[in-house]
Amino acid sequence: MRHLSLLTALAALVAAPALAQDDWPSEPITFVVPYSPGGGFDEYARAVAPEMERILGTEVVIENIPGAGGQRGASTVYRADPDGYTIGIWNVPGLTVPQLMGQSSGYDLTDVTWIGNLATSRYALAVQPDSGYESLEDLCSMGEPFKHSDTGPASTSSVTARIAMSLIDCPIQNITGYKGSTDTIIGLMRGEVDATIKPIASLYNYAESGDVKMLMTLEDERSLPDVPTSTELGYEDFANFTLRRIVGGPPGIPAEIQQRLSDALIEAANSEAVQEWSESSNRPLDPVGYEEASAEMTELMDFYTQYKDVLAE
Amino acid sequence: MGFDALLDALLTVATGGSAIYVLLGVMLGLCFGVIPGLGGTTALALLIPVTFTMESLDAMYLAGGVMGATSFGGSLTAILLNTPGTAPNAATTFDGYPLAKQGKAGLAIGAAATASASGGVLGLLTLLLVIPIARDLVLAFGPAEFFLLTILGLAAIAVSARGKLLRGLIAGGVGLMLAFVGSDTVSGELRFTLGSDYLWDGIPLVPVLTGMFALSQMIELGLKGGSVAAAIEEGQTRIAGIRDGVVSVFRHWTVLVRGSAIGTLIGAIPGLGGTVASFIAYTSTVQSSRDPESFGKGNIVGVIAPEAANNAKDGGSLVPTVAFGIPGSAETALFLGILVLHGIDPGPSILLDNQREVYGLIVALTLSAIGASILGLILARWLVLITFINVHVLVPVVVTVSLTGVFVLEGRMGDVILAMVMGIVGYLMLRFDYPRLTLVIALVLGETAERSFHQTQMISDYDMLGFMAARPQSLILIALIVLTLLLPGLRRLPVFRRKAA
């Protein structure tokens, strides 16, 4: 198997560049989603795929390759031929952290050919409305670690909560094992934990219905008029924690194809149909092209590398 | 407020062309249900991209049609070939197949169809009734109760292995050990993965089920030769008893109601699902029967209970969905995925904002449960002929189709290999008389048991018993567990004996 893919990769290296760049795209493009259908990453990919199809004039086929927390799909994209016919949507820092901890297999985020970032989700800190907690200080000065609900220790929000709280020496007990981010919010509502840090988009509906209360958002400028940001409250570094839905392909995609894919992705994200979907489904979009996305990825890798020891706990 | 939407959804189906989507869903659901290795989840996963261009309500009709029909479709294979078409039908094989071997497949199918339809309707009626209190219900059940429910399931396993307790315990123990493979859901630690990333997410259920039930049964049939209903003489091939089967469900209406109640409750608990629901329905029926010895030999009640539970669980799995927009099962997770694809953001106000879709799905599920059963009854006459096909023709077809189904779900060759290995293991268990379903149920329960045990410990600051003692809902479940374990012993007491006689 491995020899075979090596052979095809070699063959592609020799033959592909000259041919591919002129009449690219002449084949369908495979757009890998490293999770099962129906999740957030899947939805983003399926929203932009039809528009990319229209813009590029070739089929864009979504392929779900779930498994190993997104790593199976990631390594499939990573190992594909860099001919621009295989791209994927990546979870950052969901895939960054396992790589830093040496627990990843088959991909290296530092040499992925980035195409563009579709969305940068921001986090918020939420508590039960009648819990009496009015600020993060209240949670930190309980006399015992505050309980925080999460899916698994390597999940993006778990990483965010642990690093952020270690920055301000706030004791936290992370209760993991919840089945999804909604489940962690329900856990908060059942009173099993004191607080939870989750993407604003996930918490928003539950705050609207009065089931939870957001104490702060982890960002620089307010996205919700009534909720203060971490930067306003003096927690400087908290705005660095984000969840990115970023599109990239295997290392070595020719620059010209990278540019065209990036342009198509941005145009698709800005198209009327996708904007409409984003609006009504409460899935925010803030597309940036490949240059900015690549720079941000380098920065993020450095940022998380600083906290390797916190993550290793 | 809800009834307007319900009426609206009913009218749309009755007048518009939308009924065609329900019908399409039913046909698809039946096919995916009948074929071992394929199930409702696969069908919906494959359908998601197709629904992208459809109107959201039509997508609901299609999804509802599929969800409502797969479980009955699976019972056909369970009865006719001793091979559950979908995992939850496994309990149906216990008495359904013996009936088929006695040439009474018609009776079993008639009962399964009626129990499925009635169970489905009862489950959805319960759902409609509990909608006003759905939020409180979901919030009342936390990790402590999930843990106790898995223990209840394991207790049911222990007592179900009448006469072969040791074998049952061994199979259950192996199942629990298999459940520990993969990354620890709480700590994220990798365990027993043998250095292969295939095992990171644990041992996948569908290949195990397909191997354990479908492939092992095909090995058994292939070695035996002949045909399934071999014992029946030529003249007796006329299919009778379908009507008796239908009637039997109403004669045993307590079994139907209990099965449906169990199905609805277990269905509402994320992570447990239909396999556990139908199994517990089956064991509780055996336990409360006056004649437990007659089960496993073709007691029609043993078909009714699991099939009612299996369809009722769809209504139950929608309880968390209508309360908070969260899934109660893999199928409802995909249903919510379809909503998001249509630009609808499911959340705690799903019932206010998306009444049309929710009630559309409920209507479609109801129609589908009934429609699939009617279709099944009409086709039963011909379906039964499967049991007369020479196994040397039947076996290669079933093996090919089910292995293809296993591959299609995730596109992993590892799944196919795992299914084949489990096929051999399953055959050996069959030969040496170890209960296969016990292993499978333990595998299903193990993950939730472990996860919720750790969570309860952390939440309660490592005072689990004190924590549970303060929760009435936990105490009720503890009482049920004790009752389950003691009941077989109690029944032997003279007081009860006399009453039974």
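As a basis for the values below, the full set of heavy atoms in this structure was taken, side chains included, without hydrogen atoms, waters or symmetry mates.
- Atom OG of A/Ser209 sits about 12.5 Å away from atom CD1 of B/Ile350, to the nearest 0.5 Å.
- B/Gln455 and A/Tyr178 make their closest contact through NE2-N, 3.1 Å (heavy atoms, listed as atom of the first residue, atom of the second, distance).
- Interface remark: A/Glu276 contributes no atoms to any contact with chain B (heavy atom separation under 4.5 Å).
- Heavy atoms of A/Thr151 lying under 4.5 Å from chain B belong exclusively to its backbone.
- We find that A/Arg72 and B/Asp201 are not joined by a salt bridge, their nearest charged nitrogen and carboxylate oxygen being 4.0 Å or further apart.
- Atom CD1 of A/Ile185 sits about 11.0 Å away from atom CZ of B/Phe324, to the nearest 0.5 Å.
- Only the side chain of B/Glu447 comes within less than 4.5 Å of a heavy atom in chain A; its backbone stays farther off.
- For a residue to count as touching a neighbouring chain, one of its non-hydrogen atoms must lie under 4.5 Å from one of that chain's; by this rule B/Tyr198 does not touch chain A.
- Of all heavy-atom pairs spanning A/Arg190 and B/Gly142, the tightest one is NE-CA, 3.6 Å.
- With a 4.5 Å cut-off on side-chain heavy atoms, B/Ser349 and A/Glu208 do not count as touching.
- Interface summary for chain A: among B/Asp461, B/Leu190, B/Asp184, B/Leu44, the most heavy-atom pairs under 4.5 angstrom belong to B/Asp461.
- At a 4.5 Å heavy-atom cutoff, A/Glu279 makes no contact with chain B through either its backbone or its side chain.
- In terms of non-hydrogen atom pairs under 4.5 Å with chain B, the most contact-rich of A/Gly152, A/Pro66, A/Gly106 is A/Pro66.
- From B/Ile459, atom CD1 reaches atom NZ of A/Lys147 across 8.0 Å, with rounding to the nearest 0.5 Å.
- Interatomic distance, B/Leu336 CG to A/Thr182 OG1, rounded to the nearest 0.5 Å: 8.5 Å.
- For A/Tyr204, the OH atom is loosely surrounded, since the number of other residues' heavy atoms within 6.0 Å does not exceed 12.
- A/Ile175 has its side chain out of reach of B/Val186: every pair of non-hydrogen atoms, C-beta onward, lies at least 4.5 Å apart.
- Residues B/Pro327 and A/Lys179 are not in side-chain contact: their nearest non-hydrogen atoms beyond the backbone lie 4.5 Å or more apart.
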